[in-house]
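Report on the following structure.
The figures here come from the full heavy-atom set of this structure, side chains too, leaving out hydrogens, waters and symmetry mates. Both ligands and their constituent atoms are indexed starting at 1 by order of listing.
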Amino acid sequence: MKQFVHKLYSRGELARDELVYLLEHMDAETRAELFRFTHRRRMEKYGDKVYMRGLIEFSSFCRRDCLYCGLRAGNRNAERYRLKPEQILDCCREGYDLGFRTFVLQSGEDAWYTADILTELVLNIKSNFPDTALTLSIGERDEITYSKLYKAGANRFLLRHETASRRLYQSLHPNMSFDNRRNCLKTLQAIGYQVGAGFMVGLPGQTAEDLADDFIYLKTLNPDMIGIGPFIPHDQTPLAGARAGSLEDTLVMVALARLLVPDALIPATTALGTLNSEGREMALKVGANVVMPNLSPVSVRNKYALYNGKICTGDESAQCRHCLELRIGVAGFSVDMGRGDSIKAIMANR
Ligand code: 5AD
Ligand code: FES
């Protein structure tokens, strides 16, 4: 088992059957060895820095019906909200004053935000805060829209592939296309965005083969960012009664991502922090190097409920920022409030 870990560290790859074997036979000793190597690789690549992104969840309306997600259109009990562009700008201003130089604008797939409204918003944010990097996480749109937003100044785009298994993807995403999602990621990269993909761990029906395929897909896509979090059930969804993904499994996936796509930025996700109060710190110790404190207005926070028990819903932006700064320090890392571009992006701009 340990030889697989050593091979992963020295070569940055593993055959699919080896990955499956490793995932199926992961014991405490192998895990400890894996974590030692992933921490080493992270220090070689990014040092002890942890990049902070200010997350603004600007609309909880969603036209999709993903079986796992609390924002799904079919959840009639969800309280919906939509921040006006001026309110989003206020959040950016507050974030900027707190020192943030990267904003992540995230929402459900909300058609109220047309290509024109979004373009205007991006132009406004970039003219008010020219020294920031702007990330969009708004789901699937057409190529023309992606391209307009890029030209308006958006730099990065997060669109998790959710799972690389066609079978699992189709079972969880009614009326969505596995191929279209992958095409969106390709298109975004071709336009010039720094792209973030990623997946959930512990989805009902997910196998070791499916997870191995997530890594094989990520290696070919070679994204700038990889978001990995545990699946956590939400009461008002068809998966309400399903089991959540485990802390251990999610940490192993974060670690494997660090070895297989070593240049990627990897967030310690809020879902991990929800599963375990120290989950984000644990992720930082096994290769994660980004945190995304919440800058959304407190009045809407609990309405952006993707899963049960989401943390930070009662905390002001400044509280989240300071809380995370403390946590990062205690875990032995140092906060970087800069743009925090990926190694791949830095190389490409030379
Ligand atoms: N549990 C964990 N993560 C979830 N997401 C959506 N619903 C859940 C859930 N129930 C994740 C998806 C999405 C991201 C914004 O949140 O991966 O891409
Ligand atoms: Fe939000 Fe700790 S990160 S309160």
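- With a 4.0 Å heavy-atom cut-off, ligand 1 is reached by the backbone of C69 and by its side chain too.
- One finds a salt bridge joining E140 and R181 here, because a Lys/Arg side-chain nitrogen approaches an Asp/Glu carboxylate oxygen to under 4.0 Å.
- Looking from atom 5 (N) of ligand 1 to the surrounding protein, the closest heavy atom is M200 SD, 3.8 Å.
- With respect to R40 and E44, no salt bridge is recorded, no charged nitrogen being found less than 4.0 Å from a carboxylate O.
- Side-chain polar atoms of S296 and N294 form a donor-acceptor pair below 3.5 angstrom.
- Ligand 1 lies within reach of P230, whose nearest heavy atom is under 4.0 Å from it.
- Salt-bridge check for K344 with D263: failed, with every basic side-chain N at 4.0 Å or more from each acidic carboxylate O.
- Distances shorter than 4.0 angstrom do not occur between any heavy atom of H234 and any atom of ligand 1.
- Of the protein's non-hydrogen atoms, E162 OE1, 2.6 Å is the one closest to atom 17 (O) of ligand 1.
- Salt bridge annotation for R167-D210: present, with a cationic side-chain nitrogen under 4.0 angstrom from a carboxylate oxygen.
- Using a 30° and 60° split on the angle between ring planes, H161 and F199 fall in the tilted class, from 30° to 60°.
- At the shortest separation from atom 16 (O) of ligand 1 among protein heavy atoms lies L306 CD1, 3.5 Å.
- In terms of polar-atom proximity, defined here as any N/O pair under 3.5 Å, Y68 does make such a contact with ligand 1.
- With respect to atom 14 (C) of ligand 1, the closest heavy atom belonging to the protein is R160 NH1, 4.1 Å.
- Summary of contacts: the protein heavy atom closest to atom 10 (N) of ligand 1 is I232 O, 2.7 Å.
- Classified by interplanar angle (parallel below 30°, tilted 30° to 60°, perpendicular above 60°), the ring pair F37/Y9 is tilted.
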